[in-house]
Protein chains: 2
Amino acid sequence: MPATFRHLDDVQEACGRCSLAHLCLPYGLGIDDIQKLETLVDVGIPIARGKDLFNQGDALTAIYAVGSGALKTSMIDAEGLEQIMGFYYPGDLLGLDGLGDEVHHCTATALEDSQICRIPFEQLDHLVDEVPGLRRQLMRLMSQALSDDEQLLLTLGRKSSEGRIATLLVSLSRRRQMRGLDASPVRLSMKRVDLANFLGMRIETISRVLRRLQERHIIALDRADVMILDFPALENWAARGAWVADQ
Amino acid sequence: MPATFRHLDDVQEACGRCSLAHLCLPYGLGIDDIQKLETLVDVGIPIARGKDLFNQGDALTAIYAVGSGALKTSMIDAEGLEQIMGFYYPGDLLGLDGLGDEVHHCTATALEDSQICRIPFEQLDHLVDEVPGLRRQLMRLMSQALSDDEQLLLTLGRKSSEGRIATLLVSLSRRRQMRGLDASPVRLSMKRVDLANFLGMRIETISRVLRRLQERHIIALDRADVMILDFPALENWAARGAWVADQ
DNA sequence: CGAGTGGTTTGATCCAGATCAACGAGGTTG
DNA sequence: CAACCTCGTTGATCTGGATCAAACCACTCG
């Protein structure tokens, strides 16, 4: 269990003490309200690599926060094509897109052995009416998720393969930093095929682009771990790796 | 003023009588609550083609509902590239992605002379605490927006140029039907350059794809209006226009 | 240990769609 | 009415990244 994650035996203070509180639901709440939140959260539920946390189409009975590890979400559309929608790390909330119709729109799968916090929807829904701060934070997080998707749209819609990879690495690194970790190594827990699917390219291209970035001494690859050797250069690739914009 | 839109002189019943209520904020509210909502909504504000409703970076003082006409939203990223994020039609809500930090993340521009309803954020924020149904509907709409973005991601990430155009036409047509209109003609109020930017392709390609769809008698073009002659075939193109998925 | 297996990398071709260039149809201006 | 826009269409090339094919690990299992 990583040092950033609280222990199971002090559940009553789980959220208040959690080192991820500033990224998660408790943010902006007073001590009293955090305590109310804690009473309904199940903390530190283990989930094994490869297992699904929930499946597309399931009734939404809870939303989840990642405690440790990593997960991916994926959708299968009407034509049976799978699309990876996102990768989730400690502090991230899962299931927000299903709040509207109380059905999960995507499947969430653990990329490595992970621990998650379960926040039952029914009770959360009531608590939200009692605690205005909680409603605001929930809306903040939903609106944040909207912005993230929009950022991703920008990337997928306009950037070259090098730009996409660089953007992803920069984004994963920034998210590490928000959690108080070093900028790198970034661990690519997902398989190449997931990366390829997520970025809308082929695994061969992923491989070639990573090799090129390595040859330019911008990154260093060691199995799943990516050391970022030249962050500004990587950001530059993330920025320049776009087709020329019309005006 | 289109028949679907209420008149200015009965503001006190604006939302309750609006034919778009089932798509908009009032959905699911009781009469009393709708009346509370009506007191704070400014209905039918005109906005001229080409004018901005709000700009990226502006403080969010209100969210908006489209009454008539059409708008686009666009973001300019750090590198100065513009990306069209979406097109908005009567009943759609604008500004939700800024609710979190109370700053507009995108610029909203009228594609034709339009009318919009203005819902002041401050008052809405308070009303939301009083009316649980309103909170739920607002969350439903945010979660809907999330799903829309995800759908778009699916399209942009995986589909061929023909698939993208077909998907857009099908989506615009379905949205017409939700507003109680015929499936077509779909009016492409936006310029080719906006369409190209939105779909992540070039205007020349847009033109060629539209021509091909016309040659196959799937659509008929008349200036900005697209008649859909063979809806199943178009849906088929929307579905098939994807690269083969890995497993 | 060798055979089998799932994942990654490398090499050789091919093609959808970008790019470059030219033209046509309205609309506006002096 | 010519000169000039803006916007959309069409034609001819070029190229990034998909596709096809094969080799290359690193593990596991009998």
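Values reported hereafter were calculated over all heavy atoms of this structure, with side chains retained and with hydrogens, waters and symmetry mates removed. Chain naming here is simple, since letters A, B, ... match the order of the sequence lines and numbering starts at 1 in each. Just so it is clear, the structure is predicted and the values come from calculations on it, not from any experiment.
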Taking for each residue the nucleotide of DNA chain D with the nearest heavy atom, is it R208(A) or M190(B) whose nucleotide lies nearer the 5' end?
-> M190(B)
Measure from the side-chain N and O atoms of S114(B) to the backbone N and O of E112(B), and report whether any donor-acceptor pair falls under 3.5 Å.
-> yes
Is there a donor-acceptor contact under 3.5 Å from the side chain of T73(B) to the main chain of C106(B)?
-> no
For T205(B) and for R223(B), find the nucleotide of DNA chain C with the closest heavy atom, then tell me which residue's nucleotide is more 5'.
-> T205(B)
Expressed as a whole number of angstroms, how long is the span from [X]:[atom1] to [N]:[atom2]?
X	N	atom1	atom2	result
L188(B)	dT9(D)	CG	P	10 Å
D194(A)	dG7(C)	CG	C1'	12 Å
D222(A)	dC25(D)	CG	C1'	15 Å
L199(B)	dA18(C)	CG	P	11 Å
N197(A)	dG17(D)	CG	P	18 Å
I206(A)	dG7(C)	CD1	P	15 Å
L195(B)	dG8(D)	CG	P	9 Å

Can you tell me if the side-chain N/O atoms of [X] get under 4.0 Å from OP1 or OP2 in [N]?
X	N	answer
S161(A)	dG16(D)	no
R192(A)	dT9(C)	yes
R211(A)	dT10(C)	yes
R202(A)	dC20(D)	no
S160(A)	dG16(D)	no

K191(A) side chain: which of dG7(C), dG8(D), dT10(D) is closest?
-> dG7(C)
dA18(D), dT8(C), dT19(C): which one has an atom nearest the side-chain heavy atoms of E204(B)?
-> dT19(C)
Closest heavy-atom pair, A183(B) versus S173(B), reported as atoms and distance to 0.1 Å, is O-OG, 2.7 Å
Do you know which of D182(A), D222(A), D225(A) makes salt bridge (Lys or Arg N to Asp or Glu O under 4.0 Å) with R187(A)?
-> D225(A)
Kindly indicate, with the supporting measurements, whether the criterion side chain to side chain contact (heavy atoms under 4.5 Å, CB included) is fulfilled by L169(B) and L188(B).
-> CA-CA 9 Å; L169(B) 290 176; L188(B) 298 178; 4.3 Å; yes
